[in-house]
Amino acid sequence: MNAEIESPFSLALTTAARLPGVRIDRERFLRGALTRHCSAEQLEIAVRDTPTAAGIPLEVLSKAADASINYETAKVTGVSAVAGIPGGFALIGTIPADSAQYFAHILRIAQKLSYLYSWPDLLSDEGEDLDDATRGLLTLFVGVMFGAQTANAAVSKVSVMMSEQVIRRLPQQALTKGVLYPVVKTVAQHLGVQMTKQVFAKGVAKIIPVLGGVVSGAFTLGTFLPMAKRLKSHLHGLESARPQQPEAVIIAERSVVVL
């Protein structure tokens, strides 16, 4: 990414994206999340194109999104609690490692929610580094999670830009050099400040033996869950998430399976 917008957040984003298990296989995830809720034909269209093109109703997407949020929240809270106990998977003084794990789950839920709400493949290829456009979009997604209104507006703009294309893909120019680039830069800087505050708060919790693990886990639960719900709410409300064709037979009462 341009050195101009490098920040503590940008570095954390790059580090987290390289951790094992962070990148979500879009096809595998969509099949697991939607297979019990739509017809075989719809599922194939959702995987090949988007859930929107498959006509999958927003109520189904909402249930799948909630299941994914609950799953990732449980995972990140458990990891945080263990990391907060001296002698846990991250020993005393390894706050950056804990932070990377926290942001890893932020990237996981951002991918899952974006795929459910018809955004293109972002990080499924384990062999590639983040390109600038993907990094820019993820920065905006996390900005939405942190409550940055400028990020909300920018994500909405990206959605409109993609809807105007024949092939649904990220607007590379806008995110890296064009109209959205200054917003990405500002959001990245803002997130760097917020990240520093959160790392400090969790670090203080770790000073308290044993109890620190509980405090750290509670802190993570109190931040991650509302942040994930904030991103879900924004993506859910975009015009691009609405089904494009009449709904087929939907099995709405079966449980959601997440991977």
Minimal non-hydrogen separation, [X] against [Y], with atom names:
X	Y	answer
Ile56	Ala46	CD1-CB, 4.0 Å
Pro182	Gly178	CD-O, 3.3 Å
Trp119	Val158	CZ3-CG1, 3.5 Å
Ala154	Val183	CB-CG1, 3.8 Å
Thr50	Ser118	CB-OG, 3.4 Å
Gln172	Ala133	OE1-CB, 3.3 Å

Side chains of [X] and [Y]: closer than 4.5 Å at any heavy-atom pair?
X	Y	answer
Phe29	Arg108	no
His190	Phe9	no
Pro51	Leu30	yes
Leu175	Tyr181	no
Leu138	Leu123	yes

Carefully, step by step, assess Arg23 and Leu107 under the rule side chain to side chain contact (heavy atoms under 4.5 Å, CB included). CA-CA 8 Å; Arg23 301 189 179 212; Leu107 293 187; over 6 Å; no
[Y] versus [X], side-chain donor and acceptor atoms under 3.5 Å:
X	Y	value
Asn70	Thr73	no
Ser156	His234	yes
Ser159	Ser240	yes
Arg135	Thr176	no

Atom pair [atom1] ([X]) and [atom2] ([Y]), whose distance is rounded to the nearest 0.5 Å:
X	Y	atom1	atom2	value
Lys157	Asn152	NZ	CG	15.5 Å
Ser114	Leu122	OG	CG	4.5 Å
His105	Lys75	NE2	NZ	6.5 Å
Asp49	Gln244	CG	CD	7.0 Å
Glu59	His236	CD	NE2	7.5 Å

Please tell me whether Phe141 and Val160 are part of a single hydrophobic cluster in this structure, the criterion being side-chain heavy atoms less than 4.5 Å apart. no
Taking the side chain from [X] and the backbone from [Y], do they hold a donor-acceptor pair closer than 3.5 Å?
X	Y	value
Gln42	Ala54	yes
Thr14	Ser10	yes
Thr134	Leu130	no
Gln111	Ile24	yes

Taking only distance into account, with no hydrogens and no angle test, what donor-acceptor pairs under 3.5 Å do side-chain atoms of residues 224-233 form with protein atoms, sequence neighbours excluded?
residue, atom, partner, partner atom, Å
Arg230, NH1, Met145, O, 2.4
Lys232, NZ, Ser62, OG, 2.8
Lys232, NZ, Asp66, OD1, 2.9
Lys232, NZ, Asp66, OD2, 3.4

Does a side-chain N-to-carboxylate-O contact under 4.0 Å join Arg31 and Glu27? yes
Give the intermediate values and the outcome of side chain to side chain contact (heavy atoms under 4.5 Å, CB included) for residues Thr150 and Leu140. CA-CA 9 Å; Thr150 52; Leu140 295 177; over 6 Å; no
Assess the residue pair Val187 and Val142 against the criterion (side chain to side chain contact (heavy atoms under 4.5 Å, CB included)); give the C-alpha distance rounded to whole Å, side-chain angles, the decisive distance to 0.1 Å, and a yes or no. CA-CA 9 Å; Val187 171; Val142 180; over 6 Å; no
Working note: Glu239 + Arg242, criterion salt bridge (Lys or Arg N to Asp or Glu O under 4.0 Å); need CA distance, chi angles, decisive distance, verdict. CA-CA 6 Å; Glu239 186 64 30; Arg242 301 186 180 282; 3.5 Å; yes
From CA spacing to verdict: side chain to side chain contact (heavy atoms under 4.5 Å, CB included), Tyr117, Leu238: CA-CA 9 Å; Tyr117 288 110; Leu238 295 174; over 6 Å; no
Would one find more than 12 heavy atoms of other residues, nucleotides or ligands at under 6.0 Å from atom CD of Glu41? no
